[in-house]
Structure formats: C-alpha cells, structure tokens
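All of these numbers come straight from a predicted model, not from anything done at the bench.
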Amino acid sequence: TLNAAAALLPPTFSIHKEGKSGGASLKDSSFFGVSISDHVKADSALKTKIEFISSRKSSTIVRAQAVATTAPTFTPATFQGKKTLRKGTVIITGASSGLGLATAKSLAETGKWHIIMACRDFLKAEKAAQSVGMSKENYTIMHLDLSSLDSVRQFVDNFKRSNRPLDVLVCNAAVYQPTAREPSFTADGFELSVGTNHLGHFLLSRLLLDDMKQSDYPSKRLIIVGSITGNTNTLAGNVPPKANLGDVRGLQGGLNGLNTSSMIDGGDFDGAKAYKDSKVCNMLTMQEFHRRYHEDTGITFSSLYPGCIATTGLFREHIPLFRMLFPTFQKYVTKGFVSEEEAGKRLAQVVSDPSLTKSGVYWSWNKDSASFENQLSQEASDADKARKVWEISEKLVGLS
Ligand code: NDP
Ligand code: PMR
C-alpha cells in the first residue's frame, strides 16, 4: 500500500498524499523513540557502589557507579604457556545490544577473549550479557557515555586503573535519529549523532592508542564500524539524504547549532544525513589512523560494513511501520539482510581472525561469502578530507 511504501522511503522521497498539513511525510509522522529497556529493574546480581576516583589533577571525585559484584578476572599480559596465547582483551562500545552484543557473545564463546562492554546503561548491559549466555569470567561492564567527553575521559581513566592490557578496541556504538525535526546535542554541545558516533569515539581511540601500543598481543587492532549508507558509490548510499561533508564548515564551527550549523556541511539539520555523515567520519578516521600510526605501531586499523542488520535497536526512533517492514524489505528485496548473530560473527572475525591483519581496509561480505576488501566512496576515501576532519576533531575534543 501507499503507507507501506512510504515507510521505507527516506523522508525526501516521502509521499505527500495528504499534503504538508496532513502529515504524510515520515518526518511528520509520530514516532516511538523509546528505548526498549531503558527502564530495566535493578538486577539482584548487581549493586551500586560508590567509587572514589582521583582525577589527573589529583583532586578526588566521588562518583556513583554501577559495578558487577564479581571480581574481574585479570590475566597478566604474558603468555601463559609456550604456544598458548593469553586471553585477549577487547573493548567493545555499545555492547548492550545489536551488533556489539552479538560480537561480544561470539568472542566470549571462543574462551579466548575478555570483553570490556563499554556501555552507557549498566543494567541493560548486564541483562544483555546474561540473556545471550555470556559467562561472568568472560566480560566486564564499564560505564561509557560517548555523548559526553568527560565520560569518555573517565572511562579511559577507569580502564587504565584496571591494569588490563588493551589488545583490540571496537568503536561500535551509534545513534540514529531519522525522525528528529530538531537536532539534539551532546553534553559538550555537538549535534548528537556526529558527537556520539564520531567525536566520542575519536577521543576514546586517541586516548587508548598508547595502551594498544604497549600491549604485547601479537595482533592489535582498532576497528571502527562503518556503513554502506555512508558510501555514495553504492545503491544504498544513494538513498537520500546522501552523506556529504561538504567543506566541513559546520564541523569547524563546532556543530552547536547556535553560531554555526549542527550539520558538518553547514546545511539544515537532517537526522538521517547526520548519521550517514558520522559514518563517513568513522571511515575517514580509520584511514587517517592507518596513515599516521600503522607503520610505527603495527596496529591494524580497519572498518567494515557488517551487512544490513535490520532488526537492531538502531531503528528504535524510526516510525513503527518502517521497523515492521524494513527486515522483510532487506531480506527479500535488497537481499542485504543479515541476522544479528551472523553480523556478530563477521565483526568477531575482524577482531580476531588471523588472516584479517591488513590495515587501512574496509571489510565487507556477500551472502555466505568470506570477507573481502571493499572500495569506499570517493568522499569516504578522500585523504585531504580525512586530515581535515582529524585536525578539526582534535580541536573539538580538546586534544590540540
Ligand atoms: P543498536 O542500537 O542495537 O546498538 C547501538 C549501541 O550503541 C547500543 O548498545 C547503544 O546503547 C549504544 N549507544 C548509543 N549511544 C551511546 C552513547 N552515548 N554511549 C554509549 N553507548 C551508546 O544498533 P546496531 O547494533 O545496529 O549498531 C551498531 C553499529 O553498527 C553502529 O555503528 C551502526 O552504525 C553500525 N551499522 C548498523 C547497521 C544495521 O543495519 N543495523 C548497518 C551498518 C552499520 P543502549 O543499548 O544503551 O541504547
Ligand atoms: Mg536501505 C542494495 C540495496 C540496499 C541496501 C544494502 C540497503 C542497506 N538499503 C538498500 C536499498 C534501499 N534502501 C532502497 C532502494 C531504499 C528506498 C526504498 C532504501 C531505503 C532505506 C531507508 C529509508 N534504507 C535505509 C533506510 C533507513 O532509514 C536506513 C538508514 O539509512 O539508516 C542510516 C537504511 C538502510 N539501508 C541499508 C542499511 C544497512 C541501512 C541502515 C543501517 C546503516 O547504514 O547503518
């Protein structure tokens, strides 16, 4: 029906069957932007403890923080046997649902990884870990809210204090606001999608790079999840609104929507475009990391398109009709659908497969195929833009 088609069309394709005032476009539709499990009850296995955390200036801040009652299982950064590799430590942001959770599960099942689930909602993460049957010795949940640079710094401090080595970092968390009419902002005043998906991860990975350098693990990796929808050399990337960073004037201005645009290219706010732009930043950042650090550090920098995981929480803010039809559309029309479990195995491969050590690569899969190196769009592989985005991002997050 017309409604069904409208739900799958992007806002700029919307079918104005009732005209503007009739509210037929997706942007005008009501939506249920409610997180499925924002309100989980406290689990009996958990309790809240007050942690005393000294800041770098050695003043003491008291912070309420939820922690697991089980002690972390720390393995020293040494090889345990002659040929036995010690357990790797991998940080996965946004491991409380979707791709991040499926990846955590897949890695936990191998018994070769300890997963730091870096999540903004501790109880949700704990329930999620339990729901997929991860056993306690294989994971630790640590609080991270990527929409606050303070929280990112706090997370890094907490992680360093744990004295665990860092072998792999997976920047996976993301928000997508396709129906938002107005921008929302991070604690630091950046438009939320780019602020969370790009700037939060940018600061996180910059601050953790030294830890990865110091790790003695044979294959250290920094993975930043990308997407087909940020790549305009694909059909999916040509569904409007298309990603486009323009001359990055909005980013330069700080994306605050006050004296500057909330969009990287300086244009009017569009939540779907902001998400796609953030994915371009993710893919550019991965390549800039590669150019700056691969040779000296030996760290593998990679990105990937895990497939269309049409059932995840990423679409939580989309209209209900879209969420209902999207999986079927992807399964039978584009055939790009992939289950959370399968996508998790793909990302787990990028984390730990001994054959995926090539740096600077954007990995993709075809149905049932092995991974292959994919071509990024012109913009997503533009080295000048990557440097520009890097330098501006450094200023915005307070690194330069
Ligand atoms: P989900 O919404 O299921 O997972 C996103 C995760 O990010 C959640 O755990 C969420 O936490 C977390 N998150 C959001 N905001 C913050 C924040 N401020 N601080 C910390 N964590 C945060 O979506 P997906 O699993 O689909 O998305 C994972 C990645 O995959 C993203 O990078 C996305 O761009 C990418 N991707 C997804 C595709 C798909 O088809 N689904 C296709 C291509 C790429 P919480 O649970 O608390 O909400
Ligand atoms: Mg898309 C081969 C075709 C293909 C693929 C692999 C995707 C993936 N999509 C494709 C085609 C189309 N999509 C077509 C032809 C349309 C118009 C009917 C279409 C529409 C569409 C919408 C409205 N698609 C979407 C949306 C979203 O809101 C999703 C999005 O852009 O999120 C940013 C989305 C997606 N399509 C994909 C993938 C992987 C997504 C979402 C996830 C992401 O990139 O992170």
### Message
Can you tell me how the ring of Tyr275 sits relative to the ring of Tyr176, calling it parallel under 30°, perpendicular over 60° and tilted otherwise?
### Response
tilted

_Please check: side-chain N/O of Ser106 versus main-chain N/O of Ala102, any donor-acceptor pairing under 3.5 Å?_
no

Notebook entry, point to check: In terms of side-chain geometry, is the basic nitrogen of Asp210 or Lys213 positioned less than 4.0 Å from the acidic oxygen of its partner?
Noted result: yes

- Query: Take atom CD in Glu394; do more than 12 heavy atoms of anything else shown fall under 6.0 Å from it?
  - Reply: yes

With a 4.5 Å limit on heavy-atom distance, are the side chains of Lys220 and Thr297 in contact?
no

Once you measure the plane-to-plane angle for Phe159 and Phe155, does it fall in the parallel (<30°), tilted (30-60°) or perpendicular (>60°) bin?
parallel

CD of Glu373 to OG of Ser302, rounded to nearest 0.5 Å, is 10.5 Å

Could you check whether atom CZ of Arg249 has more than 12 heavy atoms from other residues, nucleotides or ligands sitting under 6.0 Å from it?
no

- Flag the pair Asn172 / Thr103 as yes when at least one side-chain heavy-atom distance between them is below 4.5 Å, and no otherwise. no

Handout entry: Ser135 versus Glu137, side-chain donor and acceptor atoms under 3.5 Å
Key = yes

- prompt: Is the closest side-chain heavy-atom distance between Leu169 and Leu204 below 4.5 Å?
  reply: yes

When rounded to the nearest 0.5 Å, the distance separating CD of Glu391 from CG of Leu396 is 12.0 Å

Q.
Taking NZ in Lys395 as the centre, count heavy atoms belonging to other residues, nucleotides or ligands within less than 6.0 Å. Is the count above 12?
A. no

Is any side-chain heavy atom of Arg346 less than 4.5 Å from a side-chain heavy atom of Val338?
yes

side-chain hydrogen bond (donor to acceptor under 3.5 Å, both in side chains) with Asn138: of His114, Lys87, Glu109, only one passes, and it is Lys87

In this structure, OG of Ser352 is separated from CG of Leu347 (nearest 0.5 Å) by 9.5 Å

Using a 4.5 Å cut-off on heavy atoms from C-beta on, say whether the side chain of Ile299 contacts that of Leu209. yes

*asked:* Keeping Asp277 on the side-chain end and Asn244 on the backbone end, is there a donor-acceptor pair under 3.5 Å?
replied: yes

d(His198 NE2, Glu191 CD) to nearest 0.5 Å is 12.0 Å

task: Without swapping roles, check the side chain of Asp188 against the backbone of Leu149 for a donor-acceptor pair under 3.5 Å.
output: yes

Distance-only, no hydrogens or angles: does the His201 side chain make a donor-acceptor pair with backbone N or O of Asn197 under 3.5 Å? yes

Legend entry - Any donor-acceptor N/O pair, Asn158 side chain to Met142 backbone, under 3.5 Å: no

Does Tyr332 have more than 12 heavy atoms from other residues, nucleotides or ligands lying within 6.0 Å of its OH? no

- prompt: So, the side chain of Asp167 versus the backbone of Thr89: is there a donor-acceptor pair under 3.5 Å, distance only?
  reply: yes

Are Leu356 and Leu85 grouped together when hydrophobic residues (ILVMFWY) are joined by side-chain heavy atoms under 4.5 angstrom apart?
yes

Note to self: Looking only at the side chains, is there a donor atom on one of Thr311 and Glu340 sitting less than 3.5 Å from an acceptor on the other?
What the structure shows: yes

Rounded to the nearest 0.5 angstrom, the OG-CG distance for Ser371 and Asp353 is 7.0 Å

_Taking Trp363's backbone N and O only, do any of them form a donor-acceptor pair with Asn374's side chain (distance below 3.5 Å, no angle check)?_
no

Between Gln287 and Ala380, is there a donor-acceptor pair closer than 3.5 Å when you use the side chain of the first and the backbone of the second?
yes

Next on the checklist: Are the side chains of Trp365 and Leu304 in contact, using a 4.5 Å heavy-atom criterion?
Outcome noted: yes

### Task
Would you confirm whether Ser147, through its side chain, and Thr196, through its main-chain N or O, come within 3.5 Å as a donor-acceptor pair?
no

Do Asp382 and Lys388 sit within salt-bridge range, that is, some charged N less than 4.0 Å from a carboxylate O? no

Hey, are Ser227 and Thr229 close enough side-chain-wise for a donor-acceptor pair under 3.5 Å? yes

Within a strict 4.5 Å, meaning less than it, do heavy atoms of the Asn282 and Val225 side chains meet?
no

Value for CG (Asp384) from CZ (Arg387), rounded to nearest 0.5 Å, stands at 5.5 Å

So Phe289 and Tyr293, would you call those rings parallel, tilted or perpendicular, with 30° and 60° as cut-offs? tilted

Q. Okay, side chain of Ser359, backbone of His290: is any donor-acceptor separation there less than 3.5 Å?
A. no

(message) Side-chain heavy atoms nearer than 4.5 Å, only ILVMFWY residues, links allowed to pass through others: does that put Phe337 and Tyr305 together?
(response) no

Less than 4.5 Å apart, side chain to side chain, heavy atoms only: is that true for Lys124 and Cys119? no

Requested in this report: Apply the test side-chain hydrogen bond (donor to acceptor under 3.5 Å, both in side chains) to residues Ser148 and Asp150: give CA-CA distance (whole Å), side-chain angles for both, the deciding distance (0.1 Å), then the verdict.
Outcome: CA-CA 5 Å; Ser148 156; Asp150 266 357; 5.3 Å; no

Handout entry: Salt bridge flag under 4.0 Å for residues Glu317 and Arg323
Key = no

With a 3.5 Å cut-off and no angle check, do the side chains of Asp145 and Ser151 form a donor-acceptor pair? no

*Does a donor on one side chain and an acceptor on the other come within less than 3.5 Å for Asn231 and Tyr362?*
yes

